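Only one structure is covered here, and it is reproduced in the block below.
The structure displayed is predicted, hence computed values, not measured ones. The sequence lines fix the lettering, A, B, ..., with proteins before strands; numbering per chain opens at 1.
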Number of protein chains: 2
Amino acid sequence: MFSKSCEYAIRAAIYISAESSKEKKAGIADICDHIEAPRHFTAKILQILTRNKIVSSQKGVNGGFYLTKEQNTKPLSDIVSATDGNVLFNGCGLGLKECSEEEPCPLHEKFGVIRAEIKRMMEESSIESMAKKLKKGNGFLRAEVF
Amino acid sequence: MFSKSCEYAIRAAIYISAESSKEKKAGIADICDHIEAPRHFTAKILQILTRNKIVSSQKGVNGGFYLTKEQNTKPLSDIVSATDGNVLFNGCGLGLKECSEEEPCPLHEKFGVIRAEIKRMMEESSIESMAKKLKKGNGFLRAEVF
DNA sequence: ATAATAAAAGACAATTGTGTCTTTTATTAA
DNA sequence: TTAATAAAAGACACAATTGTCTTTTATTAT
Ligand code: FES
Ligand code: FES
């Protein structure tokens, strides 16, 4: 469904939202520990998110990643678009060059419904709403080890 | 959503269903022309489908690919499982090692609904029902060139 | 039997996605 | 002003996916 980059990006953003603020920023090592993701690869992905103004970052001592109030309200669909583009939201399910009513693939009708639902799900899920589940203890970003 | 292999596999299977029979088999070159897919790569993918008894093949003169009556009724989900496995049908949307109620990701609830709908769509779409659209002229497997 | 045919199989090549390591740049505490 | 810090950036390395080409095997018409 989503690429690894996108999965890490979403998990990282949610963690940052839940565990950091302008005052208490989260570092890349801390983030990767808590979402069980490869460090340098995730660092690159976070660069994409910062370039797209989905997360904020600060270099230097006491630096790290955090979200502004406005960024907290952003939908997960923004992260998907930034990392994977919009093929999932607009493209043909059977891989035709474009999805169109004029020359629809045999799955077009049914797939169009599903695709719209995926889009809606991601548009209606804000980063902060996901983080809220985390803080309430009924949301996880990695397997808990005991 | 689906891999290229899966997309080609579905398109090929639908074409074979629509355009061939035990008496008039479709050759790989013919198939690839009509679904706009790379020839040798698609040949490999069709080997996977024949090994999984989703399509039938015959070597030699007048050989080619075709579907038995029973194979025609198979759902597209069988093709997805054969080419991409079952991650799309069972896996976690955010890439956790497994999807579980005990340690759900923050998207688990919403994603579970969508995932079930994707599964249902593919299980309820038979190869022959897709081929029917093709034959009626309101289904395409490649961009028509003029 | 022989030749023609077409899928199966195997060996590679190119591309993309994923992951690692090192160097650079910006920031701030001391 | 200096040293420590942490993200940004760049250079690779590895793996998986996608795609191409050649050889082999099975089948059938002649
Ligand atoms: S043409 Fe395939 S989904 Fe619209
Ligand atoms: S745990 Fe992520 S979808 Fe179920």
Side-chain angles (χ1 to χ4, degrees), chain A residues 1-13 15-16 19-20 22-33 35-67 80 82-85 87-88 95, chain B residues 1-13 15-16 19-20 22-33 35-67 80 82-85 87-88 95:
Chain A
M1 174 79 76
F2 306 119
S3 68
K4 279 289 159 198
S5 296
C6 184
E7 292 173 353
Y8 295 147
I10 294 176
R11 303 222 301 269
Y15 177 78
I16 294 168
E19 300 296 332
S20 77
K22 182 94 194 236
E23 290 72 41
K24 184 171 83 60
K25 306 182 188 73
I28 187 68
D30 177 42
I31 294 168
C32 292
D33 276 358
I35 69 172
E36 211 167 17
R39 168 159 180 173
H40 297 286
F41 186 50
T42 306
K44 270 201 199 316
I45 296 163
L46 280 176
Q47 286 177 34
I48 297 174
L49 295 192
T50 51
R51 264 184 241 121
N52 282 274
K53 312 245 191 277
I54 294 166
V55 314
S56 301
S57 70
Q58 169 102 27
K59 287 184 179 180
V61 179
N62 291 324
F65 297 91
Y66 65 98
L67 298 186
V80 176
T83 54
D84 291 357
V87 182
L88 180 62
Chain B
M1 175 79 78
F2 306 119
S3 69
K4 279 289 158 197
S5 295
C6 184
E7 291 173 354
Y8 294 147
I10 294 175
R11 303 221 302 269
Y15 177 78
I16 294 167
E19 300 297 332
S20 77
K22 182 95 194 235
E23 290 72 40
K24 182 171 84 59
K25 305 183 189 72
I28 187 68
D30 177 42
I31 294 168
C32 291
D33 276 357
I35 69 171
E36 210 166 17
R39 170 161 178 172
H40 297 285
F41 186 49
T42 305
K44 270 202 199 316
I45 296 164
L46 281 177
Q47 285 176 35
I48 297 173
L49 296 192
T50 51
R51 264 183 241 122
N52 283 274
K53 311 245 192 276
I54 294 166
V55 314
S56 301
S57 70
Q58 169 100 28
K59 287 184 178 181
V61 179
N62 291 325
F65 297 91
Y66 65 98
L67 298 187
V80 176
T83 55
D84 291 355
V87 181
L88 181 62

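- Among the nucleotides C/dA9, C/dT20, D/dA8, the one closest to the side chain of A/K44 is C/dT20.
- If you check D/dT25, C/dT18, C/dA9 against the side chain of B/K59, the one that comes closest is D/dT25.
- The side chain of B/S57 lies closest to C/dA7, out of C/dA7, D/dA8, C/dT18.
- Across C/dT18, D/dT18, D/dC21, the shortest atom-to-atom separation from the side chain of A/S5 is found for C/dT18.
- Taking only side-chain atoms of A/K4, from C-beta outward, the nucleotide of D/dT28, C/dA7, C/dG19 with the closest atom is C/dG19.
- The listed nucleotides are C/dA8, D/dG19, D/dT22; the one nearest the side chain of B/F65 is C/dA8.
- Counting non-hydrogen atoms under 4.0 angstrom, B/L46 reaches nothing in the nucleic acid.
- In the set D/dA8, D/dT18, C/dA8, the nucleotide with an atom closest to the side chain of B/S3 is D/dT18.
- For B/V61, taking side-chain heavy atoms from C-beta onward, the closest of the listed nucleotides D/dA29, C/dT28, D/dG19 is D/dA29.
- The distance from atom CD1 of B/I28 to atom C1' of C/dA8 is 11 Å, rounded to the nearest whole Å.
- With C/dT5, C/dA7, C/dG19 as the choices, the nucleotide that has an atom nearest any side-chain atom of A/P38 turns out to be C/dG19.
- Between the side chain of A/D84 and the backbone N or O of A/V80 there is no donor-acceptor pair closer than 3.5 Å.
- The OG1 atom of B/T83 sits 13.0 Å away from the NZ atom of B/K4 when rounded to the nearest 0.5 Å.
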